[in-house]
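Written out below as structure tokens is the structure these notes cover.
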There are 2 protein chains.
Amino acid sequence: MTEDVRRSEALGDTQNGDNGGTATKNSSKTGQIRARNKARIIAAAEEVFAAKGYEGATTAEIALKAALPKANVHYYFSTKEAIYRAVIDNILDLWLEPFQRITENDDPAEALSTYIRTKVMLSRDRPLASRIYANEIIRGAPILADYLGSDLREWVAEKSCVLRGWAKKGLMDPVEPAHLLFLIWASTQHYADFQVQAKAVLHHRDLTEDDFETAVQTITRIVLKGCGVKAD
Amino acid sequence: MTEDVRRSEALGDTQNGDNGGTATKNSSKTGQIRARNKARIIAAAEEVFAAKGYEGATTAEIALKAALPKANVHYYFSTKEAIYRAVIDNILDLWLEPFQRITENDDPAEALSTYIRTKVMLSRDRPLASRIYANEIIRGAPILADYLGSDLREWVAEKSCVLRGWAKKGLMDPVEPAHLLFLIWASTQHYADFQVQAKAVLHHRDLTEDDFETAVQTITRIVLKGCGVKAD
DNA sequence: GTCTATAGGCTGATAGAC
DNA sequence: GTCTATCAGCCTATAGAC
């Protein structure tokens, strides 16, 4: 990760449009403009990368969506790859955070239910992020290779201990932990990555609140019952 | 689907290299050369599209991998999109066929087990096909939109009847059929689409026969038990 | 049917006036 | 910091000799 922009509000930024065009005074204002423009570029880039893939995305389209001249985009991010890295960087902890605080002392039924719900709702609220991540992995993870082998790997190892601990206590069946996590990731992210397919199959319209709720219920039920998790 | 090349041996074609360069006689041989070259192009294109995405793939690279001059590729397929359509077309029935013959009279435990195993093995044997399909859907299905709303939709509707029938007979729980299918698709295709991630998390090496076997076992077990399918 | 050479268009990136 | 004008390179696709 070249630049760590994780905590900047890169999305949902409803441009509180003071300081419209030309600089007025310029002192501490500068940093604000910079942050705001970078955030706009990242938000625009997320849309374009999600829809077109890395190679299909053009800096021209990103600039257009960010309502900035193309050269301005290159002023903030020297290369297209730099924009992409910033976008990916923004996405990463979104992925790991939801299951972060869970320990062996938690109740498995509740912990897994919450995790599944959180992941489905992430698919509902941040489908673009999910698609970009999926695209990155499908392409062979050219940017995220290191992350997969270090951070994610460790994260899975930790959570595998928790799952094995629950099994040892007889709170659930001894299911292969990594494969269980794969199943949960895949089936929850499916509602973001394959949303067009789900829409087409279910009713041709945008997925509704009910669809996501049914998804949560179905996945939760199959996983809990399928892993023999004792209800609390 | 512009051209239906479904049944041509587009892959695993170990170029049985008679008739090396220049044409010798040319009569019924012509059709063979044509078929062989088209198959080589499709096979090469599958690799490139899977690795680079639609926009990232170049006809030059496809030609290089097919060991043909670039202009020759354009002779068989006039546009890049035509190559892509041929590749996609080749993939499609691969997706629907495995669950095709299943009816309400079959045993759910056996039918679902076989389906899951077949899908995982498809991920093992044709990961590139799976990735191209995933990429197409993630991008919003520009080519497959019609297919999703017609063929696939009907297929899901039919299979939903079978699943509901089983539930009515008390052979399994009344699970929302489409969402169950989504879960099975997602969790099985995961081993193709997110293979780099699975590799990195599991052991940094290529997935082994055992990995796929464990995947089959884990998914099958969770789905069957999770849906309350009676063992036969 | 094959293949070289090239047209024509779009891309990422920059120079340099404001 | 902003933005117009522009470049060099790569891309798909084709013309035309063999």
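The sequence lines fix the lettering, A, B, ..., with proteins before strands; numbering per chain opens at 1.
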Could you walk me through whether A:Tyr76 and A:Arg40 satisfy the side chain to side chain contact (heavy atoms under 4.5 Å, CB included) test, starting with their C-alpha distance in whole Å, then the side-chain angles of each, then the deciding distance to 0.1 Å, before giving a yes or no? CA-CA 11 Å; A:Tyr76 289 110; A:Arg40 286 171 63 142; over 6 Å; no
Can you tell me how far the CZ atom of A:Arg85 sits from the CD1 atom of A:Ile42, to the nearest 0.5 Å? 13.5 Å
side-chain N/O A:Tyr75 vs C:dA13 OP1/OP2, d < 4.0 Å: no
Whole-Å distance between D:dT12 P and B:Lys52 NZ? 11 Å
Without decimals, in angstroms, what is the distance between A:Tyr84 OH and C:dG12 P? 15 Å
If you check every side-chain atom of B:Lys80, which of D:dA13, C:dT2, D:dG1 has the closest atom? D:dA13
On the nucleotide C:dT2, are OP1 or OP2 found under 4.0 Å from the side-chain N or O atoms that B:Tyr76 carries? yes
When every non-hydrogen atom of A:Ile91 is compared with those of A:Glu46, the smallest separation belongs to CG1-OE2, 4.2 Å
Where at least one partner belongs to residues 116-139 of chain A, residue pairs that pass ring-ring contact (aromatic ring centres under 6.0 Å, His included), sequence neighbours excluded: A:Trp95-A:Tyr133
Salt-bridged, A:Arg117 to A:Glu213, with N to O below 4.0 Å? yes
Expressed as a whole number of angstroms, how long is the span from A:His74:NE2 to C:dA13:P? 4 Å
Cation over ring, B:Lys80 on B:Phe49, under 6.0 Å and within 45°? no
For DNA chain D, determine which residues of residues 55-72 of chain A have any heavy atom closer than 4.0 angstrom to one of its atoms, and list them numerically. A:Pro69, A:Ala71, A:Asn72
